[in-house]
Amino acid sequence: MSTSAPDPLEWLLRPPSGENGFDRKALAGLLLDVARNVRPELAATPETGPATDIRLEQVRTLLMGHEIEVLARISQILDDPEQLAAAVGRILPTAFAQATGDARLGQVLAPSLEQATQTSIRNDPYTLVNILYPLIVPAIRKSIGETIDRTFQSLNETLKHSLTLRGLAWRWEAWRTGLSFAEVVLKHTLVYQVEHVFLIHRHTGLLICHAAAENAASQDPQLVSSMLTAIQDFVRDSFSGAENQGIDTMRLGELTVWSEPGPFATLVAVIRGKPPEELHDILNTALSRIHQERHQALEDFDGDSAGLADVEAELTECVALRQAKAQKVRFGVPWLALPIAVAVLLFLSAWGARSWQDSRRWEHYLAQLRALPGIVITETGRRDGKFTVTGLRDPLAADPRQALGAMEIDPANVIARWAPYQALDPHIVMKRLEATLDPPPDVRLSVDGDRIMAEGAAPAAWLDRARAAARMLPSGAPILDLAAVRNLDAQADRRWDDYVARLKAQPGIVVTETGQRNGKFLIAGLRDPLALDPDVALTEAGIDPAHVIARWAPYQALDPQIVLRRLQATLTPPPSVRFVVEGDRIVAQGSAPSLWLERAHMAARILPSGAPVFDLDAVKTVSDGAIGKLRDDIQARTIRFDNNEPLPAAGQDALLDQLADDLKALETLAPSLHVVARVMLTGHSDALGKGTFNLSLSLARAEAVRALLRKRGVDPDLLQVRGAGDLEPVLAQATEAARSANRRVSFTVELEEQL
């Protein structure tokens, strides 16, 4: 074994650093190293060859035998569904027990359990019936028993008092109040008072709260509560089938004990007298309200009622339930019966005669109402000694109360209920039109069969309102005929129509609505800010703007003329550029600075879809336009000089005049094109003489030309001078002609575009 190589077994047994499993390739290499160390002759075997030596198998078993065995068992369980189900079944209860505190378990299982329950009920509905039967049947039995008790109680009292004098008085009260005779009998015969109310915890039998009437005598409430609980437990333990039941009613002489059980508490009421069965509902309602408001406190009750002190208010309300004894009716002595009977007979005769007269007047009154337009009677009768009439009445119809006075009927004896409706009788419709349209004095409305005729003269605004009202009349109503009404504003309407027609023909204006409202003309629509001002057009049409209501919403028109105005306003083209409209295209012509051209091309690209095309192909840059030609003309001119002379040679005044005109034209044109122009005057000399002298002479020549141009009106700030001496000859100075050509002043024009 080599001493320099690392120990394979030591490396294999070293714990992995930051990894979760073995590197199979590294492990295979280590096993091969182990084999080579055990048998050196294997060192010549290629690393890719199989290791078939038994000792290698022993090493693998030694190192990974336990893991291989565990993996084999796991694979066997996973491949066998029965073994896998058994394994999962063993750990499933433990998993559910540990996950009970996790709310996600309920969220995951709820849909499956609900679906399984629904499927089970659909397949076998009797399963749900068998579950609910023990709960529903006792409740139904108790409800039926209470209803039967209430019925027999009412029947007994009714039979007991039906043929007595007091019974006749109660029948009169029932007819007068509209109640049934049985309800009146129970009202006067059932006299009771709730003296005690106990709220007892159902599971422990401890008293939660107690309330008693002021005049009620009682023992210790805790002792009474314990006795009641003991009696209930005794009954449940003594009789089969009563395990889940209890005593709900006990009678102790004049006292009646009612027990109303709840989920966590039982309400026990001690009542003196004959309570009505409806008292069960009142006690049940109070018990349900207590459970609803203090559910958790009742469930956690351990004998300390300090947290349930507010329940006493509910019990106090139950203790306040009582019914006083009815006053006895005292009757006179028998010898007064005959005079009273005669007086009653005379009274009944007079009352009958008066009733007959009132009935006759009432019938005449109803006949008169039926004849009035806009009134429909649907029901008549008498109630509590008063006449009743019900029907429909148009708000513009005659007032029924005025007819009551004419028929000598007291309005206090009449109960009238009139529902408003819209009558279609021609006279009612005409009244409604007169109220809503308010016709001018020259217009008259009249009824002609099933038509309402309008005659006379009216302003156009009123005619428009009348036509709109005629169109809005409901189906079946008479027709409003306005053909005989003359329009007083015909001439103003013609001017208005001409004005609207002119606006519709203007580019950038879209008229969406016209008409008249409240005596004024109305116009609405869309207007581009660059379009014609409608107020100016109003003045030109001779229409007073105060008589016009205009609503113009701004929008961006795509008409070529409007787009041209918008481009001129946003781009501000130089004087050398002009725009023309050619069909659906806006063509720009002339010359402009390159910066302006870039802005113009950008504006052309961002024009909205549907807008005319902005064509800039005919626009040249400044260097290609008029200023460029002017620049070339200036730079092509040269002022000549004689030998050693700082002033121009004779005969060049015309050239200087023409040069001055060009420079002044350049000075005027440059600002309009947003261009800064600078002209450099460069003086030159021949090569004869010294260099310093030639440089000074060339500078003097340039200054002399600038002075001459200044005399001719050229701004000196436009001109700059420099001397080049003999360093920039135009021709090689080998001959006199070449030297004469180099004695000159040249011009260089620099154009700088501004943003």
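In what follows, every heavy atom counts, from backbone to side chain, and hydrogens, waters and symmetry copies are set aside. Position 1 is the first residue of the sequence; numbering continues from there.
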Side-chain donor/acceptor pairs under 3.5 Å, residues 504-512, sequence neighbours excluded:
residue	atom	partner	partner atom	Å
T512	OG1	A524	O	3.1

Straight-line distance of [X] [atom1] to [Y] [atom2], nearest 0.5 Å:
X	Y	atom1	atom2	value
D528	R565	CG	CZ	9.0 Å
M430	S446	CE	OG	7.5 Å
L567	I586	CG	CD1	5.0 Å
K520	I549	NZ	CD1	5.5 Å
R502	D497	CZ	CG	15.0 Å
D450	D425	CG	CG	11.5 Å

[Y] side chain reached by [X] side chain, heavy atoms, under 4.5 Å:
X	Y	result
R432	Q422	yes
D662	R637	yes
P478	R451	no
K711	L709	no
T514	L522	no
I375	L392	no

Taking only distance into account, with no hydrogens and no angle test, what donor-acceptor pairs under 3.5 Å do side-chain atoms of residues 717-730 form with protein atoms, sequence neighbours excluded?
residue	atom	partner	partner atom	Å
R722	NH1	T682	OG1	3.3
R722	NH2	E728	OE2	3.1

> Going through the checks in order, is the side-chain contact (heavy atoms from CB on, under 4.5 Å) test met by I452 and I479?
Replying inline: CA-CA 6 Å; I452 299 175; I479 299 173; over 6 Å; no
Are any of the side-chain nitrogens in [X] or [Y] under 4.0 Å away from the carboxylate oxygens of its partner?
X	Y	answer
E540	R495	no
E434	K431	no
K664	D715	no

> Please, which pairs that meet salt bridge (charged side-chain N to carboxylate O under 4.0 Å, His left out) have at least one residue in residues 608-619, sequence neighbours excluded?
Replying inline: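 Qualifying pairs, neighbours excluded: R585-D615.
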Might you point out which heavy atoms bring [X] and [Y] nearest each other, and give the distance in Å?
X	Y	value
A677	L751	CB-CD2, 3.9 Å
P426	V447	CB-CG1, 3.7 Å
V563	A557	CG2-O, 3.9 Å
E645	R701	O-NE, 2.9 Å
A454	L445	CB-CD2, 3.5 Å
P373	A397	O-CB, 3.4 Å

Could you list the residues that satisfy salt bridge (charged side-chain N to carboxylate O under 4.0 Å, His left out) with [X], not counting sequence neighbours?
X	answer
R706	E703
D633	K629
R527	none

Just list the side-chain donor-acceptor pairs under 3.5 Å for residues 598-611, sequence neighbours left out, or say none.
residue	atom	partner	partner atom	Å
R599	NH2	T570	O	3.2
R599	NH2	L571	O	3.4

> Testing N742, N694, L699 for side chain to side chain contact (heavy atoms under 4.5 Å, CB included) with S685, which one passes?
Replying inline: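 Going through the options one by one, the only one that passes is N694.
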>> So, applying side chain to side chain contact (heavy atoms under 4.5 Å, CB included) with V745, which one of T638, I639, L708 is it?
In response: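 Single side chain to side chain contact (heavy atoms under 4.5 Å, CB included) partner of V745 among T638, I639, L708: I639.
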Checking [X] now: which residues fulfil ring-ring contact (aromatic ring centres under 6.0 Å, His included) with it, not counting sequence neighbours?
X	answer
W418	none
F747	none
F641	none

Sidechain-backbone polar pair: [X] side chain, [Y] backbone, donor-acceptor under 3.5 Å:
X	Y	answer
S698	L695	yes
Q589	F579	no
S696	T692	yes

>> Quick one, V548 with W496, criterion side-chain contact (heavy atoms from CB on, under 4.5 Å). Give me CA distance, side-chain angles, the key distance, then yes/no.
In response: CA-CA 10 Å; V548 177; W496 176 254; 3.8 Å; yes
Sequence neighbours excluded and cut-off under 3.5 Å, please list the side-chain donor-acceptor pairs for residues 455-473, or say none.
residue	atom	partner	partner atom	Å
E455	OE1	R444	NH2	3.4
W462	NE1	L437	O	3.0
D464	OD1	R467	NH1	3.4
R465	NH2	T436	O	3.2
R465	NH2	L437	O	3.0

>> Between L666 and I634, does the side-chain contact (heavy atoms from CB on, under 4.5 Å) criterion hold? Intermediate values first, please.
In response: CA-CA 9 Å; L666 176 65; I634 294 173; 4.0 Å; yes
> Take atom CZ in R678; do more than 12 heavy atoms of anything else shown fall under 6.0 Å from it?
Replying inline: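 Buried by this count: over 12 neighbours within 6.0 Å.
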> Does Y499 have its ring centroid less than 6.0 Å away from the ring centroid of F521?
Replying inline: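 So the answer is no for these two rings.
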Kindly list each side-chain donor-acceptor pair under 3.5 angstrom involving residues 647-661, sequence neighbours excluded, with atom names and distances?
residue	atom	partner	partner atom	Å
Q652	OE1	R640	N	2.8
Q652	NE2	R640	O	2.6
Q652	NE2	A649	O	3.2
D657	OD1	R712	NE	2.4
D657	OD1	R712	NH2	3.4

>> Between R743 and N643, does the side-chain contact (heavy atoms from CB on, under 4.5 Å) criterion hold? Intermediate values first, please.
In response: CA-CA 7 Å; R743 295 190 290 269; N643 186 29; 4.1 Å; yes
